[in-house]
Amino acid sequence: NPKIVVGGVISYEKSILLCKRAIEPQKGYWTIPAGYLEENESTEEGALREIYEESGVKPQIQGLLAIYSLKHISQIQLIYKFLSINKDLNPGVETEEADYFDWENIPWNELAFPSVRWALNHFKEAEGKEFFIPKSNPD
């Protein structure tokens with residue numbers, strides 16, 4: 001059965017939270033906070049748990065941003081759009097460092113996975129919109 005990954009793009013004012021991975025794969029590269037859904041939790045609960053474990057942030061959910069199907073690694077990713085009420089960070093053991101980046105300062109060449117880039121771009125498309133349709137894998 002495929003693995004289900006849950007996580008989110010979290011904004012504070014005009015900046016976006018990224019976490020530098022302290023674990024493989026892609027140790028030392030930047031990602032959005034995300035991880036595997038655990039048994040007996042909803043996708044929203046799992047995303048909030050992963051975000052808190054990796055960054056120490058407890059954001060407010062704004063909606064489902066994207067559903068990515070990664071057949072080559074047998075993975076489904078559900079990525080939510082979140083809003084943080086402050087810039088306080090307390091990264092966990094899976095995170096080397098966490099920080100908020102303005103769009104023009106995102107380390108695009110140091111992103112851990114293609115789906116991180118997709119999620120960031122899909123977030124930008126939904127930015128400022130109260131209602132948005134969840135995206136899927138880009139063509």
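Numbering of residues begins at 1 and proceeds along the displayed sequence.
- Within 6.0 Å of the OH atom in Tyr52, the count of heavy atoms belonging to other residues, nucleotides or ligands does not exceed 12.
- When the side chains of ILVMFWY residues are joined at heavy-atom separations under 4.5 Å, either directly or via intervening members, Ile16 and Tyr12 end up in two distinct hydrophobic clusters.
- Counting only heavy atoms from C-beta outward, the side chains of Leu17 and Val9 never approach each other to under 4.5 Å.
- The ring-ring contact (aromatic ring centres under 6.0 Å, His included) analysis of residues 54-81, with sequence neighbours excluded, yields the pairs Tyr68-Trp118, Tyr68-His122.
- Using a 4.5 Å cut-off on side-chain heavy atoms (C-beta onward), Gln75 and Pro2 make no contact.
- Once rounded to the nearest 0.5 Å, the distance linking CG of Asp102 with OG of Ser15 reads 6.0 Å.
- The salt bridge (charged side-chain N to carboxylate O under 4.0 Å, His left out) pairs that include a residue from residues 54-78 number zero, where partners must be two or more places apart or lie in different chains.
- Legend: salt bridge (charged side-chain N to carboxylate O under 4.0 Å, His left out) pairs involving residues 104-123, not counting sequence neighbours: none detected.
- You'll find the side chain of Ile23 reaches within 4.5 Å of the side chain of Glu94, heavy atoms only.
- Between Leu120 and Ile32, the closest side-chain pair of non-hydrogen atoms falls below 4.5 Å.
- Note that the CD1 atom of Ile4 and the CD1 atom of Ile67 stand 11.0 Å from one another [nearest 0.5 Å].
- For Gln60, there are no side chain to side chain donor-acceptor pair (under 3.5 Å) partners, not counting sequence neighbours.
- In this structure Glu96 satisfies the side chain to side chain donor-acceptor pair (under 3.5 Å) test with no other residue, sequence neighbours excluded.
- Note on Val6 and Ile76: same hydrophobic cluster, where clusters join Ile, Leu, Val, Met, Phe, Trp and Tyr whose side-chain heavy atoms are under 4.5 Å apart, directly or indirectly.
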Enumerate donor-acceptor pairs with a distance under 3.5 Å from any side-chain N or O in residues 85-93 to protein atoms, sequence neighbours excluded.
unit_1	atom_1	unit_2	atom_2	d
Asn86	OD1	Asp88	N	2.9

Go through the steps for Thr31 and Phe113 under the test side chain to side chain contact (heavy atoms under 4.5 Å, CB included), then give the verdict. CA-CA 7 Å; Thr31 189; Phe113 309 106; 4.2 Å; yes
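- A distance of 7.5 Å separates CG in Leu111 from CD1 in Ile106, rounded to the nearest 0.5 Å.
- Grouping Ile, Leu, Val, Met, Phe, Trp and Tyr by side-chain contacts under 4.5 Å, direct or through others, leaves Ile133 on its own.
- Partners of Ile51 by side chain to side chain contact (heavy atoms under 4.5 Å, CB included), not counting sequence neighbours, listed by chain and number: Ile10, Pro33, Ser55, Val57, Pro59, Phe82.
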Test side chain to side chain contact (heavy atoms under 4.5 Å, CB included) on Tyr100 and Ser84; report intermediate values, then the result. CA-CA 11 Å; Tyr100 284 92; Ser84 184; 3.3 Å; yes
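- Legend: salt bridge (charged side-chain N to carboxylate O under 4.0 Å, His left out) pairs involving residues 7-26, not counting sequence neighbours, sorted by first then second residue: Lys20-Glu97.
- In this structure, Phe132 is not a member of the same hydrophobic cluster as Leu83, with clusters built from ILVMFWY side-chain heavy atoms closer than 4.5 Å.
- Proximity of Asp99 to Leu18: side-chain heavy atoms (C-beta onward) are nowhere separated by under 4.5 Å.
- Note on residues 14-40: pairs passing ring-ring contact (aromatic ring centres under 6.0 Å, His included), not counting sequence neighbours, are Trp30-Phe101.
- Residue pairs meeting the salt bridge (charged side-chain N to carboxylate O under 4.0 Å, His left out) criterion with at least one partner in residues 129-138, sequence neighbours excluded, are Glu125-Lys135.
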Step by step, would you call Gln77 with Leu70 a side chain to side chain contact (heavy atoms under 4.5 Å, CB included)? CA-CA 8 Å; Gln77 296 184 357; Leu70 305 173; 3.2 Å; yes
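- The shortest side-chain heavy-atom distance between Leu37 and Val5 does not fall under the 4.5 Å cut-off.
- Looking at every heavy atom in both residues, Cys19 comes nearest to Thr95 through CB-CG2, 3.7 Å.
- Partners of Ser42 by side chain to side chain contact (heavy atoms under 4.5 Å, CB included), not counting sequence neighbours, listed by chain and number: Glu44, Glu45.
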